[in-house]
Amino acid sequence: MRVRSLLFVFMGGALALTLALGLAMGRLASESAELARAEQQARKMAQQVSGLLVLAQEYALHGEARSAQQWRSLHAQVLKALKAEQPPHESLASAELLGSIFAQLLDASEPPAGAQQDGTTHELQQRRNNLLLNQLLLNSQIFTESLQRQGLEADQKRRQLEQSTRHMAIAIPLMMLLIWAWLALLLHRRILKPLQHLNQAVAAISQGDLTQRSATRTPDEFGELSANFDAMAVDLVSELRREVAVRKQAEAQLQLAASVFSHALEGIMITDPDGSIIDVNETFCLITGYSRAEVLGQNPRLLGSGRHDRAFFVEFWNTLLSQGMWTGELWNRRKNGELYAQMQTISAVHDEQGQVKQYVTLFSDVTAIKEYESQLENIAYHDALTGLPNRLLLNDRLQHAMLQSRRRKDMLALVYLDLDGFKAVNDRYGHAVGDTLLIGIAKNIKQVLREGDTLARLGGDEFIVLLVDLASRDDCQALLARLLTAAALPIDCPGAGKKLQISASLGVAYYPQATELDAAQLLQQADEAMYEAKHGGKNRFRISGLGELD
Ligand SMILES: Nc1nc2c(ncn2[C@@H]2O[C@H](COP(=O)(O)OP(=O)(O)OP(=O)(O)O)[C@@H](O)[C@H]2O)c(=O)[nH]1
């Protein structure tokens, strides 16, 4: 049975019992009071009847009208009291009989007016009066005894009622005790005990014993509560296990990420959307020279080299904001002031709402690679002996200069320079002396050139001079003479044990010309002019398309 039903039964039973007991007690009290009143009434009437008897005797002895009057008055009171009873008192008839006898006694005591009483009549009347008086006494006695008997009966009944009341006074607490005992037992078995089990299970689970269950299976509310609690515990445990597994996996991933972050060969820098540095790894510190504490909260501008203009960063941010990432090379400055090149990829990390949460930058120090590339480039584009630009670089610069010349509408001169009698130096003093001479002559020629001009070595004893920004052909006439002079300056050649001096022949071609031509054709023209200078006797220059000018 459900606890609620049991409580309803208890409440109903207790209410009904209380009502019944209350009614019974009320009835007992009422009956007891009624019996007490009846007893008192009977006693009072008995006294009044005794009074009637005394008054009747007085009247019989003295014949006083006052006694008769008192008798009537007292008798009227008795009658009134008996008639007032509902139902009328059983002694009413006895009282009325008394009244009738007393009336006869009065009639007998008063002889008719004018009647002569003789001795016999008087004696007869006296005997009649005595007879009536005896009847009156006898009936009064009977009446009194009846009233006394009634009083006794009422008293007996009242005593029985009092006895019943005493019994009830004992029975009621006993019954209440039984009811409370039953309620206490009910509370203990159906409420407290299941609650205790539930409480123990909750305490055990909260202390980590996830196997603990309530296990109360009574067919009531606590049975349902216990079953629901156990089901909830099973669900919670499985959910907890799943959460733990997910958390362990997340922790493993975090550890892996932390390990990658710490041990990555790339520098890693994480900034918030405003650009403040949130975290950096060890490689960042190794590359930049800054400690982690020095850069946290700082802006990456701290590393700025000043080598990139505003346009560079505008493009950088446009790309990063539109595409979410930027990859490229960047020059930065280490803490010690040294410039370094970094190849970096910066990626925006977004939150679930698509807002940028962080920027993560991965970068490598590519300074060494850049230097190596620069060296390779230098080797590829420069002459190893003199350090001058080689044919490749010359071609590049020549094409660029021709383009500029067309744009600016000025002129350039391409001078093909070949040393005279250099083979003889090699042959006489050796290759090393020849090298020294080549280096020395290159240096002297360079010194007469302007900053924008180029001196290149094509190979052997052949050089090219590119003269730019010429207003006219006449602009470089003096310079051509100075070139001849510079090439013919004596060079100190320790290998030869003396200064050596040779000359050079120059062939010149100008650009632009009436007919458009390319770099190779221009070079061809200068080469041909140089050969003309050689054939003309060396140590001179020839201008393509013109005769000897020196
Ligand atoms: N020392 C040295 N000699 C070189 C180098 N490259 C080429 N040569 C030599 O330079 C010489 C150039 O020869 P030519 O220009 O034909 O001889 P030349 O004596 O100058 O002849 P002309 O130009 O007619 O005056 C050759 O003997 C090459 O072996 C080099 O790097 N170092």
Side-chain angles (χ1 to χ4, degrees), residues 375-398 413-449 453-467 476 479-509 519-550:
Q375 283 173 7
L376 285 180
E377 191 178 295
N378 205 42
I379 290 167
Y381 288 97
H382 290 82
D383 171 50
L385 181 66
T386 61
L388 293 174
N390 62 11
R391 184 185 291 272
L392 271 176
L393 186 52
L394 171 72
N395 273 337
D396 190 49
R397 290 193 184 175
L398 176 57
L414 189 69
V415 182
Y416 206 115
L417 187 154
D418 189 290
L419 298 180
D420 301 327
F422 180 68
K423 184 175 181 305
V425 174
N426 265 344
D427 293 346
R428 184 169 176 188
Y429 300 106
H431 217 81
V433 171
D435 285 352
T436 307
L437 192 61
L438 286 171
I439 293 168
I441 291 171
K443 194 175 164 191
N444 288 337
I445 293 172
K446 207 160 177 16
Q447 280 181 348
V448 301
L449 298 178
D453 297 335
T454 298
L455 172 63
R457 183 183 175 214
L458 294 185
D461 60 349
E462 294 177 346
F463 295 86
I464 295 290
V465 180
L466 175 62
L467 305 171
C476 68
L479 181 57
L480 292 171
R482 282 207 300 279
L483 282 175
L484 287 174
T485 304
L489 285 174
I491 306 295
D492 188 17
C493 296
K498 60 174 182 181
K499 288 188 176 182
L500 297 177
Q501 186 176 22
I502 56 172
S503 62
S505 297
L506 312 181
V508 184
Q521 290 169 324
L522 195 65
L523 203 59
Q524 177 72 27
Q525 285 182 355
D527 189 16
E528 288 169 0
M530 186 272 291
Y531 270 103
E532 286 176 22
K534 286 271 185 198
H535 291 136
K538 302 184 179 176
N539 191 25
R540 66 197 61 214
F541 62 85
R542 281 278 192 278
I543 293 174
S544 176
L546 295 177
E548 188 179 354
L549 295 176
D550 55 338

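Atom set for the values below is all heavy atoms of this structure, side chains included, hydrogens, waters and symmetry mates excluded. Both counts, for ligands and for their atoms, begin at 1 and track the order of listing.
- Considering CZ of Arg391 and CG of Asp396, their distance stands at 14.5 Å, rounded to 0.5 Å.
- Listed by number with element, the atoms of ligand 1 under 4.0 angstrom from any heavy atom of Gly434 are 1 (N).
- Nearest protein heavy-atom neighbour of atom 17 (O) of ligand 1: Lys423 CB, 3.3 Å.
- Close approach to Asp420 involves these atoms of ligand 1, each under 4.0 Å from a residue heavy atom: 25 (O).
- The protein heavy atom nearest to atom 31 (O) of ligand 1 is Arg457 NH2, 3.0 Å.
- Near Asp418, meaning under 4.0 Å from any of its heavy atoms, are these atoms of ligand 1: 23 (O).
- Applying the side-chain contact (heavy atoms from CB on, under 4.5 Å) test to Leu385 and every residue at least two apart in sequence or in another chain returns Asp383, Asp435, Leu438, Ile439, Arg457.
- Interface atoms of ligand 1 facing Gly460, defined by a heavy-atom separation under 4.0 Å, are 6 (N), 7 (C).
- With a 4.5 Å cut-off on side-chain heavy atoms, Lys534 and Asp420 count as touching.
- Gly421 N, 2.9 Å is the protein heavy atom nearest to atom 25 (O) of ligand 1.
- Shortest non-hydrogen contact noted between Thr386 and Ala442 is CG2-CB, 4.2 Å.
- Separating the CG atom in Asp527 from the CD atom in Glu532 is a distance of 10.5 Å, to the nearest 0.5 Å.
- Between Asn426 and ligand 1, a contact under 3.5 Å exists for at least one N or O pair.
- Protein heavy atom at the shortest distance from atom 10 (O) of ligand 1 is Phe422 CD2, 3.3 Å.
- Atom 15 (O) of ligand 1 has as its closest protein heavy atom Asp461 OD2, 3.2 Å.
- Rounding to the nearest 0.5 Å places CG of Leu506 at 4.5 Å from CG of Leu484.
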With side-chain hydrogen bond (donor to acceptor under 3.5 Å, both in side chains) as the test, would you mind laying out the steps for Gln524 and Glu528 before giving the verdict?
-> CA-CA 6 Å; Gln524 177 72 27; Glu528 288 169 0; 2.8 Å; yes

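- Contact atoms of ligand 1 toward Lys538: 22 (P), 24 (O), 25 (O) (distance under 4.0 Å to a heavy atom of the residue).
- Neither the backbone nor the side chain of Val433 has a heavy atom within less than 4.0 Å of ligand 1.
- Residues satisfying the salt bridge (Lys or Arg N to Asp or Glu O under 4.0 Å) test with Asp453, not counting sequence neighbours, are Arg450.
- The heavy atom nearest to atom 30 (C) of ligand 1, out of those in His535, Met530, Lys534, His431, is found in His431.
- Using a 4.0 Å cut-off to heavy atoms of Leu438, the atoms of ligand 1 that qualify are 30 (C), 32 (N).
- Nearest protein heavy-atom contact of atom 32 (N) of ligand 1 is Asp435 OD1, 2.7 Å.
- For atom 22 (P) of ligand 1, the protein comes within 4.0 Å by at least one heavy atom.
- Under a 4.0 Å criterion applied to the non-hydrogen atoms of Leu419, ligand 1 contributes the atoms 20 (O), 23 (O), 25 (O).
- No part of Leu437 comes within 4.0 Å of ligand 1, judged by heavy-atom distances.
- Summarising the geometry, atom SG belonging to Cys476 is positioned 6.5 Å from atom CD1 belonging to Ile543; distances are rounded to the nearest 0.5 Å.
- Just one of Leu467, Leu480, Leu414, Leu417 meets the side-chain contact (heavy atoms from CB on, under 4.5 Å) condition when paired with Val508; it is Leu480.
- When atom types are taken as modelled, the side chain of Asn444 and the backbone of Gln447 share no donor-acceptor pair closer than 3.5 angstrom.
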